[in-house]
Amino acid sequence: MPEPALIEDLVAANRILSNEGVLDAFGHVSVRSAPGADRFLLARSMAPALVAAADIIEFNLDGEPVGSDRRTPYLERFIHSEIYRAYPAVDAIVHSHSPSVIPFGATAVPLRPIYHMSAFLGPRVPVFEIRETAGSATDLLITDPALGAALAQKLGGHPVALMRGHGNVVVAETLKMVVFRSVYTEVNAKLAAQALQLGAGRVEFLSEGEMATATKSVGGQANRAWEMWRRQAEARR
């Protein structure tokens with residue numbers, strides 16, 4: 001059985017990401033039942049801001065509920081199952097329609113880190129093009145294992161992949177870190193778009209050396225951000 005504290009943290013992650021404008025009525029966040037486990041926790045199909053402990057379902061790596069749970073799951077649970085299957089070191093995943101990120105998946109302008117809090121993005125953020133797998137008449141949703149596997153392959157070893165016309169997926173080794181990365185991916189996209197407008201395309205993005213150094217130093221601050229965001233989200237309940 002999953003630890004009750006882990007379930008409560010997953011509930012908090014849903015509410016934090018909603019409060020920070022990363023998730024709205026749609027999108028979802030998951031965590032493995034235990035580090036490296038072949039099961040994961042994800043809410044039933046509902047708005048993230050409304051998720052409570054009783055709404056959490058345990059899934060296997062086929063994207064199917066464990067046991068006799070027959071509540072309606074998210075259609076795109078295969079994002080989570082196939083990424084967990086492909087990457088044993090990934091223990092938490094967020095899929096969002098983070099609004100400032102969308103243009104970077106639909107244009108030739110790459111999403112690059114513009115400040116130290118988003119250094120984890122690295123020099124290249126891959127873009128998943130669903131038409132390469134499923135043709136030109138899909139609803140852009142990841143609704144089966146084959147599409148989930150194609151997205152996982154595009155993600156590669158990156159912490160973030162964009163999904164053209166849809167949103168993004170963010171992964172990490174912990175739930176707190178995936179929340180941290182999801183928030184700062186959205187913030188970075190907003191700042192980068194502003195800088196590109198002000199600089200007429202000439203912007204000083206982070207160098208690869210700065211990315212490596214800042215990722216190491218700033219990455220250890222995820223717990224501090226988590227505690228603040230959690231209290232703010234709880235205050236709005």
Side-chain angles (χ1 to χ4, degrees), residues 2-33 40-59 69 71-77 79-80 90-104 111 113-118 120-121 141 159-160 162-163 166-194 218-237:
E3 292 290 334
L6 181 62
I7 293 174
E8 289 299 330
D9 280 349
L10 183 57
V11 170
N14 275 273
R15 294 182 174 173
I16 288 169
L17 291 169
S18 176
N19 198 49
E20 296 301 317
V22 174
L23 302 180
D24 50 18
F26 301 92
H28 21 86
V29 52
S30 71
V31 64
R32 286 194 197 258
S33 302
F40 64 95
L41 305 177
L42 179 69
R44 65 183 177 89
S45 183
M46 64 185 300
L50 305 181
V51 169
D55 299 308
I56 303 301
I57 301 173
E58 189 172 28
F59 292 84
D69 199 315
R71 290 175 293 175
T72 302
Y74 288 113
L75 292 173
E76 293 192 288
R77 61 194 181 278
I79 292 174
H80 305 265
V90 169
D91 279 335
I93 301 169
V94 172
H95 166 56
S96 81
H97 307 152
S98 191
S100 300
V101 174
I102 301 294
F104 290 93
L111 181 62
I114 194 171
Y115 79 141
H116 66 301
M117 299 300 289
S118 58
F120 61 85
L121 289 170
L141 302 183
V160 179
L162 309 186
M163 303 163 72
H166 186 170
N168 67 3
V169 61
V170 183
V171 304
E173 295 78 13
T174 68
L175 186 60
K176 292 178 182 179
M177 181 58 76
V178 85
V179 168
F180 179 93
R181 288 177 173 175
S182 298
V183 171
Y184 283 110
T185 296
E186 164 65 17
V187 173
N188 185 86
K190 186 180 297 183
L191 292 174
Q194 292 171 349
V218 176
Q221 304 302 312
N223 287 351
R224 184 167 76 179
W226 169 273
E227 292 303 327
M228 181 189 75
W229 291 331
R230 185 169 189 164
R231 289 194 185 189
Q232 290 174 337
E234 291 173 348
R236 295 191 61 181
R237 291 176 62 181

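The model shown is predicted, which means the values in this text are computed figures rather than measured ones.
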### Message
Under the side-chain hydrogen bond (donor to acceptor under 3.5 Å, both in side chains) definition, can you give me all pairs with a residue in residues 10-20, not counting sequence neighbours?
### Response
N19-R236
### Query
Counting distance only, does the side-chain N/O of R32 pair as donor-acceptor with the main-chain N or O of V90 below 3.5 Å?
yes
### Query
Heavy-atom distance under 4.5 Å between the side chains of R44 and P73, does that happen here?
no
### Query
Is there a side-chain contact between H80 and Y74, using heavy atoms and a 4.5 Å cut-off?
no
### Task
For the residue pair M117 and V187, establish whether any side-chain heavy-atom pair is separated by less than 4.5 Å.
no
#### Entry: Exam field: side chain E186 to backbone S100, donor-acceptor pair closer than 3.5 Å
yes
### Pairwise distance CG(D91) to CE(M177) - rounded to 0.5 angstrom
12.5 Å
### Message
For I57 and L41: C-alpha separation, side-chain torsions, deciding distance, then whether side-chain contact (heavy atoms from CB on, under 4.5 Å) applies.
### Response
CA-CA 6 Å; I57 301 173; L41 305 177; over 6 Å; no
#### Entry: H95 (side chain) donor-acceptor with N168 (main chain) under 3.5 angstrom
yes
### Query
Under the side chain to side chain contact (heavy atoms under 4.5 Å, CB included) test, which residues partner E8, sequence neighbours left out?
A53, R230
#### Entry: side-chain contact (heavy atoms from CB on, under 4.5 Å) assessment of K176 paired with R224
CA-CA 10 Å; K176 292 178 182 179; R224 184 167 76 179; over 6 Å; no
### Summary
Rounded to the nearest 0.5 Å, the CD1 atom of I114 sits from the CD atom of Q194 at a distance of 8.5 Å
### Task
Enter the distance from D24:CG to S96:OG here, rounded to the nearest 0.5 Å.
8.5 Å
### Task
Provide the closest heavy-atom pair for A172 versus V178 in the form atom of the first, atom of the second, distance.
CB-N, 3.5 Å
### Query
Between N188 (side chain) and T185 (backbone), is there a donor-acceptor pair under 3.5 Å?
no
### Query
Do the non-hydrogen side-chain atoms of V169 and I93 ever get within less than 4.5 Å of each other?
yes
### Query
How about R77 and S45: do any of their side-chain heavy atoms sit closer than 4.5 Å?
no
### Message
Under the criterion side-chain contact (heavy atoms from CB on, under 4.5 Å), I'd like the reasoning laid out for L175 against V29: C-alpha separation, chi angles, the key distance, then a yes or no.
### Response
CA-CA 9 Å; L175 186 60; V29 52; 3.9 Å; yes
### Query
In Å and rounded to the nearest 0.5 Å, what is the CZ to CD distance from F26 to E76?
10.5 Å
### Message
Contact between V22 and H97 at the side-chain level, heavy atoms closer than 4.5 Å - yes or no?
### Response
no
### Task
For the pair F59 and F40, name the ring-plane relationship: parallel under 30°, tilted 30 to 60°, perpendicular over 60°.
parallel
### Query
CG of L141 to NE2 of H166: how many Å apart, nearest 0.5 Å?
5.0 Å
### Task
Mind running side-chain contact (heavy atoms from CB on, under 4.5 Å) on L121 and S118 for me, showing each step along the way?
CA-CA 6 Å; L121 289 170; S118 58; 4.0 Å; yes
### Query
More than 12 foreign heavy atoms under 6.0 Å from CZ of R71: is that the case here?
yes
### Task
Report the distance from atom CG of L42 to atom CD1 of I79, rounding to the nearest 0.5 Å.
10.0 Å
### Message
Could you check whether any side-chain heavy atom of D9 comes within less than 4.5 Å of a side-chain heavy atom of W226, counting everything from C-beta outward?
### Response
yes
### Message
Side chains of I56 and V51, heavy atoms from C-beta outward: is any pair under 4.5 Å?
### Response
yes
### Task
Over 60° means perpendicular and under 30° means parallel, so classify the ring planes of F180 and Y184, tilted if in between.
tilted
### Query
Do S98 side-chain atoms and V101 backbone N/O form a donor-acceptor pair below 3.5 Å?
no
